[in-house]
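Here's the structure, in structure tokens; my notes come after.
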Amino acid sequence: MGWRTKAENAKKGHRSSLKDWACDGFHKTFPEYSQKILNLENLGYQHFTTNGERYHPCNRTIPARLDAKVTSPKEFHEKYEAKSIPCVITNIPQGYDIPSPPRSKDGQNSKSDNDASAHRWRALDRWTLDNLQDDPELRERALKCGEDDDEKSIRMKLKHFMRYLQNNIDDSPLYIFDSSFDEDRLAKTLLEDYRVPSYFNEDLFRLVGEKRRPPYRWFLVGPERSGTCVHIDPLATSAWNTLIVGQKRWVLFPPHLSKSTVKGKGLIKKGEDDEAVHYFTTILPRIKEAAIRSGGTGKYEGFECYEFTQFEGETVYIPNGWWHAVLNLSHTVGVTQNFCSQRNFDEVWVKTRTGRKKMAYKWLKQLEEQYPHLAERAKELNSRDDFVMKYDPNGGALSKKPRESESQERTKTSHSPKRSKVERVVSP
Ligand SMILES: O=C(O)CCC(=O)C(=O)O
Ligand SMILES: [Fe+2]
């Protein structure tokens, strides 16, 4: 079976009722759209509010733009993470985020290219489009590119997916979102290709063990026009997302806006789709128009959104609670991880104690041993909210299967390009 048949089968499983994946003709119009975005000044930063001014070149406060060459982890934690400010950080895969011993009084700026090259990610060489197609080990690996209606993974071998990526004309193509790094030796080699940036070293879910913790790291291969619909990351985790190949367009909305506002509820017409490509080209402009018409009242109160382009070698930091959507302007390859650190611990704890009851219990036990001040904090939050942890570790009634709302927090469901419920009726 060739790549076409493999791709057709994957598409049928992923979105069985969609008969024509190319009916909006985006493969024809998209090059002009993406070129326009790539030609924008100011690295494509656009800040939109309802205060009259439609667009103004942002002074780059959001997302903040940082260079790993001159930003220490401490500075990042205090000035940005602790204040929940989204960031674009340059020079991480190039190896500049590892603090080196200061050689001169001015300390942080003394890092030489030699130090950095020791920490440079192998991904910069191994994750090129050509290499992914040809790499004798990786090309044979089956990676997740969709989900069927029972949330079962749909996989394609990388060698087939890369042919699909180069040749498909789908409006919103399949997108590799693979988190099975630990399954076998081949998958593990991907883990050796990158390193968690020093800014994100703290990973408190690690305490519950690899098997029990929720999925948290994904290898991403996105054909042009694929993307991720607007969402907040699960369990109030924050995320970092490093791009090795291509360009991604992002939109961010602050946490105080409602789901209905950022999804454009009421603004999507019957029969229209809401994949990332539709969201960016059609729905987002309507949301901004509606926000203007409202004069910033009702559900658009305090409305603002931030659009920007992520380029090769850049890392985006998304603080917990921020809405975001992503569109791959070109073929892209990258990696993303979600995490809980001391800075977002409160929010993550509150979500986890209800969303993952059993795990929360084990987590608390580990925190008591290894981070007693956080265990204390968790208990304080519980008493503040009159929250009683009912999980019975000895297998009582409460340890049975999670409820629907609980199991939904297990994966990033909104995330891989799970197709919208609006299915088209194809005229004969
Ligand atoms: O790179 C992307 O498509 C965005 C991924 C994302 O938002 C996520 O993994 O939660
Ligand atoms: Fe996300």
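Heads up: numbering here begins at 1 and tracks the sequence. Order of appearance sets the numbers: ligands from 1, and atoms from 1 within every ligand.
- Note: His47 and Tyr306 have parallel aromatic rings, judged against thresholds of 30 and 60 degrees for the angle between ring planes.
- Here is the list of ligand 1 atoms found below 4.0 Å of a heavy atom in Leu220: 1 (O).
- We find that Glu78 and Lys74 are joined by a salt bridge, their nearest charged nitrogen and carboxylate oxygen being less than 4.0 Å apart.
- Note on Arg126 versus Asp135: salt bridge recorded, some NZ/NE/NH1/NH2 to OD/OE distance being below 4.0 Å.
- With a 4.0 Å cut-off on non-hydrogen atoms, Asn241 touches ligand 1 through its side chain and not its backbone.
- Atom OD1 is the N/O/S atom of Asp233 found closest to the Fe ion (ligand 2).
- The residue among His231, Lys248, Arg217 with a heavy atom at the shortest distance from atom 1 (O) of ligand 1 is Lys248.
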Decide yes or no on side chain to side chain donor-acceptor pair (under 3.5 Å) for Ser180 and Arg141, but give the supporting numbers first.
CA-CA 11 Å; Ser180 51; Arg141 167 128 196 107; 3.3 Å; yes

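- Proximity of Tyr175 to ligand 1, defined as any heavy-atom pair under 4.0 Å, is confined to the side chain (atoms from C-beta onward).
- With respect to the salt-bridge test (charged N to carboxylate O, under 4.0 angstrom), the residues Arg15 and Asp273 qualify.
- Closest to atom 4 (C) of ligand 1 by heavy atom, among Thr336, Thr332, Val326, is Val326.
- Taking distance alone, with nitrogen or oxygen atoms compared against 3.5 Å, Asn338 stays at or beyond that limit from ligand 1.
- Ion pair Lys288/Glu307 flagged as a salt bridge, since at least one NZ, NE, NH1 or NH2 atom sits closer than 4.0 Å to an Asp/Glu carboxylate oxygen.
- Each of the atoms 5 (C), 9 (O) of ligand 1 lies under 4.0 Å from some heavy atom of Phe177.
- Under 4.0 Å is where a charged nitrogen must lie from a carboxylate oxygen, and between Arg65 and Glu314 at least one such pair does.
- Considering backbone and side-chain N/O atoms, Trp250 never comes within less than 3.5 Å of an N/O atom of ligand 1.
- For the residue pair Arg225 / Asn328, no side-chain donor-acceptor distance below 3.5 Å is found, with atom types taken as modelled.
- Proximity to His324 (heavy-atom distance under 4.0 Å) selects the following atoms of ligand 1: 7 (O), 10 (O).
- Atoms of ligand 1 lying under 4.0 Å from at least one heavy atom of Asp233, given by number and element, are 10 (O).
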